[in-house]
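Working notes, beginning with the structure itself.
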Protein chains: 2
Amino acid sequence: MVRPPKTQQTPNLRRSILDTAWLQIAQLGAPALSLRGIARALGITAPAIYNYYPDRDALVTALIIEAYTSFGGAQLAARDSVPAEDLEGRMVAIGNAYRQWALTYPERYQLIFGTPIPGYATPMEQVFPAAARSLSALVSVVDALRLAGRLNAPDFPPPHPDFLPVFEMWQKFGDEYNPLSLSVAILIWTRVHGIVSLEIGRQIPPFGPDGAGLYEYEMQSIKKQFFIR
Amino acid sequence: MVRPPKTQQTPNLRRSILDTAWLQIAQLGAPALSLRGIARALGITAPAIYNYYPDRDALVTALIIEAYTSFGGAQLAARDSVPAEDLEGRMVAIGNAYRQWALTYPERYQLIFGTPIPGYATPMEQVFPAAARSLSALVSVVDALRLAGRLNAPDFPPPHPDFLPVFEMWQKFGDEYNPLSLSVAILIWTRVHGIVSLEIGRQIPPFGPDGAGLYEYEMQSIKKQFFIR
DNA sequence: AGATTTATATAAACACTGTATATTTACAAC
DNA sequence: GTTGTAAATATACAGTGTTTATATAAATCT
């Protein structure tokens, strides 16, 4: 039986491959992702996957885009759960959602921001839209702060001249684009990423009774530094 | 010829294995590390390595300890290059050495702080001494700041009660141990790590004419936040 | 010196991995 | 009803870490 009749085939195999990949990643971690393992779980042979993804890296890229989409959705939902006038509240909501998503899906977080897949290099031109969207929630709040004259970021360093084209690419993703706001958002991002990445990598111990103490302290520091009240 | 005479053997094979591993990591990245590849480069067979390291993970652990030792040495040397009275100068020196080491050895940095080896989990009980030493440079400066009454860290969150034993383990590594100083050092570490890890992962663009703009801005912010002058 | 033990390598094999190629067959269109 | 295409399998190749058995150089003991 070289090709099973359609009744015995997995419907929506393209979708099922991704679902099974997520299952494997959640259970065994991203580095253990294996085409043959996915095929085994689906009851098909490994080369069948090549009908839907040209190679393993293409599958990983699809997974990364899905992860970014989920992550960005959580970020935007958190922002929009607070009235637009309450910029402090929006910032805190985004920050909490950031850590919460990472703790809920640590493997997805490492898939996006780490380098857990051997030999894989993210094709940024494909991933950029989803990645930019996920940062746009924070950018929009920083920019609202700036427009309200409440952004405290004196002498902020400009991006390297070579990267002005990349900065300009951002204009495609919302008209709230502003170089300073984007730059400040990137810096804030490095700060939450620093804590969260070490936290899920179990390289720093938890702080406070519920483990969030250090993160909350850092969010307060970020607000104090950048918000003019 | 099942065993070649000693004149044809690689002298100090244990050491040569590590050296060759570093070569491979520098050239192809940590995830591409392969026992067979090392053996090939050394002109031996792969199972010969098992006479010196019980499995691949043991070799990786040895590499991580070496990387931490190199990293910690750079941190301590940077601290000691500035007079003990100049705490600001020491902090800046440590911070610059941190980024410089990471940019010089990005694969080693990811080997230590990332998760680039599929299926590998760091055995902390083995790595702890080398890891603690590498943070001790920063801890000692923060503690000197505290002892001078110049540390500004009000309401800093305490470590989670479950991790008090880990905090107490630090007492073995220098008598300058203090829970608050260690905690603040950890937070400062998350901030430099946040920038540096995203920088070497090419996930943020460089800032300023030489690419260090964002990092220098962040070091200034750290000083402003924690130093009482 | 000769026998014995130990250390250190190779050889061969196993179970994996991603991937390329050829083959087979179900299904759709003319 | 024939033809063409799409989607799967079968097979194979080169790579990986690791295990086992085996051979021999070197060290030790008598």
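Reminder, nothing fancy here: chain letters follow the sequence lines and each chain counts from 1.
Counting to the nearest Å, the C1' atom of D:dG17 and the OH atom of B:Tyr120 are 16 Å from each other. Remark: C1' of D:dG15 and CG of B:Leu33 are 15 Å apart, rounded to the nearest angstrom. In this structure, B:Ile49 atom CD1 and D:dT18 atom P are separated by 10 Å, rounded to whole Å. Look at CD1 on B:Ile44: it is 12 Å from P on C:dA11, rounded to the nearest Å. Separating the CG atom of A:Asn51 from the P atom of C:dT25 is a distance of 17 Å, rounded to the nearest angstrom. D:dT18 atom P lies 10 Å from atom CG of B:Leu59, rounded to whole Å. Across the protein-nucleic acid pair, A:Tyr53 atom OH and C:dA20 atom C1' stand 20 Å apart, rounded to whole Å. The distance between atom CG of A:Leu42 and atom P of D:dA7, rounded to the nearest whole Å, is 16 Å.
OP1 or OP2 of D:dG17 has at least one side-chain nitrogen or oxygen of B:Ser34 nearer than 4.0 Å. Between A:Arg40 and the phosphate of C:dT17, there is a side-chain N or O to OP1/OP2 separation shorter than 4.0 Å. An OP1 or OP2 oxygen of D:dT19 is reached within less than 4.0 angstrom by no side-chain nitrogen or oxygen of B:Tyr50.
Of the candidates C:dA9, D:dA8, C:dT19, D:dA8 carries the atom nearest the A:Leu13 side chain, counting heavy atoms from C-beta on. Taking the side chain of A:Arg56 as heavy atoms from C-beta on, and the options D:dT11, C:dT10, C:dG18, the nearest nucleotide is C:dG18. The side chain of A:Leu35 has C:dT19 as its nearest neighbour among D:dT9, C:dT19, C:dA9.
With hydrogens and angles ignored, a donor-acceptor pair closer than 3.5 Å exists between the side chain of A:Arg36 and the base of C:dG18.
The aromatic rings of A:His193 and A:Phe113 sit perpendicular, their planes meeting at an angle over 60°, well past the 30° parallel limit.
Between A:Pro47 and B:Pro47, the residue anchored nearer the 5' end of DNA chain D, judged by the nucleotide with its closest heavy atom, is A:Pro47.
The shortest distance between side-chain heavy atoms of B:Phe128 and B:Arg133 does not fall below 4.5 Å.
Judged purely by atom type and a 3.5 angstrom limit, A:Glu218 has no side-chain atom pairing as donor or acceptor with the backbone of A:Ile195.
Cation-pi geometry between B:Arg108 and B:Tyr68 is not satisfied (NZ or CZ under 6.0 Å from the ring centre, within 45° of the ring normal).
A ring-centre distance under 6.0 Å is not found for A:Phe71 and A:Tyr105.
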